[in-house]
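Quantities reported herein were computed from a predicted structural model and do not represent experimental measurements.
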Amino acid sequence: VGKDGVITVEESKGLEFDVVFLPQLHRTGQADDKPLILVDKQTAVLDDVQEIFMAPRPNTETARADSVYSFLWKQKQQRTKNEAVRLLYVACTRARKQLHLSACLTEDDKQQTRKPKSGSLLAVIWPVLEHDAERHPIEQAPGPATHRERDRRDDRDQQHHRRDLE
């Protein structure tokens, strides 16, 4: 564990903690750029023969949805999603007593809670949380004016504290 008590999910595997915080579950990872060549290794179950599939990225004018490249790209995206779900499971199961999940939710024009972005970890667990999110109103985060007011108040408190010490 780092000196500040914060570690990554990968580092936590096999460990347990009384309290676990998983912040910013609403965030999405960076979108992958499509590589010029996709390579995918497949292992046959019966005879342990390994096959390699390769596909060049098609020209945008000639790209087809049913191409080998499109198939391999969809497989890569699904594997990435599966790995994120696995890491979320690992992170959640590290908690012995308390698990704190945090995320930012937004509302639409009708003040209904919007579904999280599809690439986020929150989207994975949203079907379980959606009902609770609709029952509890969204708390407004403090805006810039609120932060400025707090900073001014802190400055005043520090000035009063300095006067008291003199």
- prompt: So how far is it from Thr80 OG1 to Gln75 CD, rounded to the nearest 0.5 Å?
  reply: 11.5 Å
field: Donor-acceptor pair, side chain of Ser12 and main chain of Leu15, under 3.5 angstrom
entry: no
- line: Of all heavy-atom pairs linking Ala55 and Leu72, the shortest is CB-CD1, 4.0 Å
- prompt: Got a sec, which residues hit side chain to side chain donor-acceptor pair (under 3.5 Å) with Arg86, two or more places apart in sequence or on another chain?
  reply: Glu83
field: Partner set under side chain to side chain donor-acceptor pair (under 3.5 Å) for Asp18, not counting sequence neighbours
entry: Arg96
query: Is a side-chain N or O of Arg94 found less than 3.5 angstrom from the main chain of Lys13, in a donor-acceptor match?
result: no
field: Heavy-atom pair of closest approach, residues Lys34 and Tyr69
entry: CB-OH, 3.2 Å
message: For the OG atom of Ser120 and the CG atom of Leu25, what is their distance to the nearest 0.5 Å?
response: 8.0 Å
message: Please say yes or no: joined through hydrophobic side-chain contacts below 4.5 Å, possibly via intermediate residues, are Ile7 and Leu99 part of one cluster?
response: yes
task: Report yes if some heavy atom in the side chain of Ser67 is under 4.5 Å from a heavy atom in the side chain of Trp73; otherwise report no.
output: no
- request: Enter the distance from Arg27:CZ to Leu121:CG here, rounded to the nearest 0.5 Å.
  value: 11.5 Å
- prompt: Should Asp108 and Lys115 count as an ion pair when the cut-off is N to O under 4.0 Å?
  reply: no
message: Return the CG to OG1 distance between Leu122 and Thr28, rounded to the nearest 0.5 Å.
response: 11.5 Å
query: For Gln98 and His100, does a side-chain donor sit closer than 3.5 Å to a side-chain acceptor?
result: yes
message: Is it the case that over 12 heavy atoms from other parts of the model lie below 6.0 angstrom from the OH atom of Tyr89?
response: no
field: Side-chain (Arg114) to main-chain (Leu105) donor-acceptor, under 3.5 angstrom
entry: no
task: Provide the closest heavy-atom pair for Ala123 versus Lys117 in the form atom of the first, atom of the second, distance.
output: CB-O, 3.2 Å
- prompt: When hydrophobic residues are tied together by side-chain contacts of less than 4.5 Å, even through go-betweens, does Val9 share a cluster with Phe17?
  reply: no
query: Any side-chain heavy-atom pair from Glu130 and Ile125 closer than 4.5 angstrom?
result: no
- request: Using side chain to side chain donor-acceptor pair (under 3.5 Å) as the criterion, list what pairs up with Thr93, not counting sequence neighbours.
  value: none
task: Check whether any side-chain heavy atom of Leu38 lies under 4.5 Å from a side-chain heavy atom of Lys76, and answer yes or no.
output: yes
- prompt: Should Leu36 and Pro56 count as side-chain neighbours, where that means a heavy-atom distance under 4.5 Å?
  reply: no
message: Is the shortest side-chain heavy-atom distance between Ser118 and Trp126 below 4.5 Å?
response: no
Hphob cluster co-occupancy, Leu87 + Val20, side-chain heavy atoms under 4.5 angstrom: no
